[in-house]
Number of protein chains: 2
Amino acid sequence: MNSFLQRLAAGGYRITPQRRLILEVLQQGARHQTAEDICASLQQKEPNISLGTVYRNLNILISLGLVTGVDFKDGRIRYELNDSHHHHLVCLNCGNTVEFPGCNLEETLGDIIGRTRFKITGHILEVFGYCRACQEPDGR
Amino acid sequence: MNSFLQRLAAGGYRITPQRRLILEVLQQGARHQTAEDICASLQQKEPNISLGTVYRNLNILISLGLVTGVDFKDGRIRYELNDSHHHHLVCLNCGNTVEFPGCNLEETLGDIIGRTRFKITGHILEVFGYCRACQEPDGR
DNA sequence: GCTATAATTAATAACCGTTCTTATTTAGGA
DNA sequence: TCCTAAATAAGAACGGTTATTAATTATAGC
C-alpha cells in the first residue's frame with residue numbers, strides 16, 4: 001500500500017475511494033492544482049464526487065503533513081504533495097512557476113528565532129516576478 | 001506634506017480626507033491591521049466611511065508600493081506601511097507576531113533565480129509556530 | 001474664487017473560494 | 001454478516017473582497 005495511504009490510516013482515517021483518487025491525482029497529475037482542478041480530474045473517474053469532499057480531505061491531508069497548500073497570489077490555494085521541501089518562483093503575469101530546492105532558512109534565521117523562544121512549525125516563502133517570456137522590452 | 005501623500009499624488013491620485021486618514025491609521029495605529037480594523041478606526045473620526053473605500057484605497061496604496069499586505073494564515077489580509085523590509089514570526093495559537101529585520105533572501109537566492117531569467121519584484125516570507133506562552137508543557 | 005469634469009465616495013449588491021449542514025451511504029471492526 | 005461511527009453528495013451558508021451606481025468632491029483651467 002502506498003505510504004500516503006498508510007499514513008492516512010495511521011492518523012485514524014478510513015481509506016475511501018475518494019481519498020485514494022485525491023492522492024492519485026496529486027501524485028500523477030500536474031503540480032500546484034487548485035481544489036477545483038483536482039475535483040474536475042476526479043470527476044472524470046467518479047462523476048459524483050463533491051467539491052466539499054475534496055476540500056475536506058485536502059485539509060485532513062494538510063493536517064497530517066501529507067499535502068501542502070501554497071499561495072500564488074491569485075486568490076486561490078494550490079495543493080501539492082509534501083514530498084520535498086522547496087519553494088516557488090511565480091510569474092505574476094502568466095502564472096508559470098519554477099520550483100527551487102530546499103532552503104536553509106530556519107537555520108539561517110536560527111539566532112533571531114532562538115531569542116524569541118518560538119517553537120517553529122513551518123514557514124512560507126514564495127518569490128514573485130515576471131518570467132522571461134512575460135518581460136516586456138521596456139523591462140516592465 | 002507627508003511623503004506618502006506626495007507619492008500618492010505623484011501616482012496621479014487625489015488627496016482625499018479618506019486617504020489621509022487611512023495613511024494616518026497605518027502610521028499611528030497598531031501594525032498588521034485588517035481592513036476591518038482600519039475601517040473601524042476611521043469611523044471613529046468619520047462615521048460614514050465605507051469598507052469598500054478602505055479596500056479600494058489599500059489596493060491603490062499597495063500598487064504604489066506604499067503598503068504591504070501580509071498573510072498570517074487566518075483567512076484575512078493584514079496591512080502595514082511598507083517602510084522597512086522585514087518578515088514575521090506568527091504564533092498560530094494566539095496570533096502574536098514578532099517582526100524580524102531585513103533578510104538577504106534575494107541575494108542568497110541570486111544564483112538560482114539568475115538562471116531562470118525571472119525579473120523579481122518581491123517575495124513573501126512568513127514563519128509560523130507557537131510563541132513561548134502558547135507552548136504547552138507537552139511541547140504541543 | 002468659480003466652474004467643469006473626471007475622480008472618488010457611500011451604500012449596497014454581487015462574487016467566489018471555502019466551509020458547514022444534513023440526510024444517506026459506507027469502511028472496517030466485532 | 002452486522003453494526004456503527006465515519007465519510008460522502010448535494011447544496012446552502014459564510015465571509016472576506018470586489019464591483020456597481022448614483023451622488024459627491026478634488027483639482028485643473030479660467
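Sequence lines set the chain letters: A, B, ... in the order given, protein chains first and strands last, and positions in each chain run from 1.
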Q) Can you give one letter per nucleotide of nucleotides 11-20 of chain D, going 5' to 3': B for a protein heavy atom under 4.0 Å from the base, S for sugar-phosphate only, - for none? A) -----SBB--
Q: Could you tell me, to 10°, how much the axis swings from one end of the helix from C:dG1-D:dC30 to C:dA30-D:dT1 to the other, five pairs per end?
A: 40°
Q.
Quick check for you: name the first and last nucleotides of DNA chain C, 5' to 3', having an atom under 4.0 Å from a heavy atom of chain A.
A. C:dG17 to C:dG28
Q | Length of the CD1-P vector between A:Ile15 and D:dA6, whole Å | A | 15 Å
**Q.** Single hit among B:Arg20, B:Gln27, B:Arg7 for side chain to side chain donor-acceptor pair (under 3.5 Å) with B:Asn2
**A.** B:Gln27
Q: Please determine if a side-chain N or O atom of A:Asn57 lies less than 4.0 Å away from the OP1 or OP2 oxygen of D:dT8.
A: yes
Q: Could you note down all residue pairs passing salt bridge (Lys or Arg N to Asp or Glu O under 4.0 Å) where residues 55-69 of chain B supplies at least one of them, sequence neighbours left out?
A: none
Q. Start at the 5' end of DNA chain C and walk down; is the nucleotide closest to B:Arg19 or to B:Pro47 reached first?
A. B:Arg19
Q) What pairs with A:Asn57 under side chain to side chain contact (heavy atoms under 4.5 Å, CB included), at least two apart in sequence or on another chain? A) A:Arg19, A:Ile22, A:Thr53, A:Ile60
Q: Have a look at B:Pro17 and say if it touches a base, only the backbone sugar-phosphate, or nothing, with a 4.0 Å heavy-atom cut-off.
A: sugar-phosphate
Q. Relative to each other, are the rings of A:Phe72 and A:His88 parallel, tilted or perpendicular (30° and 60° limits)?
A. perpendicular
(Q) When you compare the side chain of B:Arg117 with that of B:Lys119, does any pair of heavy atoms fall below 4.5 Å? (A) no
Q. Are A:Val90 and A:Val127 side-chain neighbours, meaning at least one heavy-atom pair lies under 4.5 Å?
A. no
(Q) Just N and O in the side chain of A:Asn48: are any of them under 4.0 Å from OP1 or OP2 of D:dA10? (A) yes
Q. With side chains defined as the heavy atoms from C-beta onward, is the minimum distance between A:Leu58 and A:Ile77 less than 4.5 Å?
A. no
Q: Tell me, please, which residues at least two apart from B:Glu36 pass side chain to side chain donor-acceptor pair (under 3.5 Å).
A: none
Q. Donor-acceptor pair, A:Asn82 side chain versus A:Gly65 backbone, under 3.5 Å?
A. yes
Q | Counterpart residues, side chain to side chain contact (heavy atoms under 4.5 Å, CB included), relative to B:Tyr55 (two or more places apart) | A | B:Ala35, B:Leu51, B:Tyr79
Q | Rounded interatomic separation in angstrom, taking CD1 from A:Ile60 and C1' from D:dT8 | A | 11 Å
Tabulate atom names and distances for all N/O pairs under 3.5 angstrom spanning the protein and nucleotides 28-30 of chain D.
none

(Q) Is there a side-chain contact between A:Leu81 and A:Phe4 in this structure, where contact means two heavy atoms from C-beta onward sitting under 4.5 Å apart? (A) yes
Q: Would you mind listing every side-chain hydrogen bond (donor to acceptor under 3.5 Å, both in side chains) that reaches into residues 41-51 of chain B, with sequence neighbours excluded?
A: B:Glu24-B:Lys45
Q | Side chain to side chain, A:Cys39 and A:Ile49, heavy atoms closer than 4.5 Å | A | yes
**Q.** A:Ile124: side chain to side chain contact (heavy atoms under 4.5 Å, CB included) partners, not counting sequence neighbours
**A.** B:Lys73, B:Glu126, B:Phe128
Scan nucleotides 2-4 of chain D against the protein and return all N/O pairs shorter than 3.5 Å with their distances rounded to 0.1 Å.
none

**Q.** Heavy-atom donor-acceptor pair, B:Ser3 side chain to B:Gln6 backbone, under 3.5 Å
**A.** no
Q: Could you name each residue pair satisfying salt bridge (Lys or Arg N to Asp or Glu O under 4.0 Å) that touches residues 84-100 of chain A, not counting sequence neighbours?
A: A:Arg31-A:Glu99
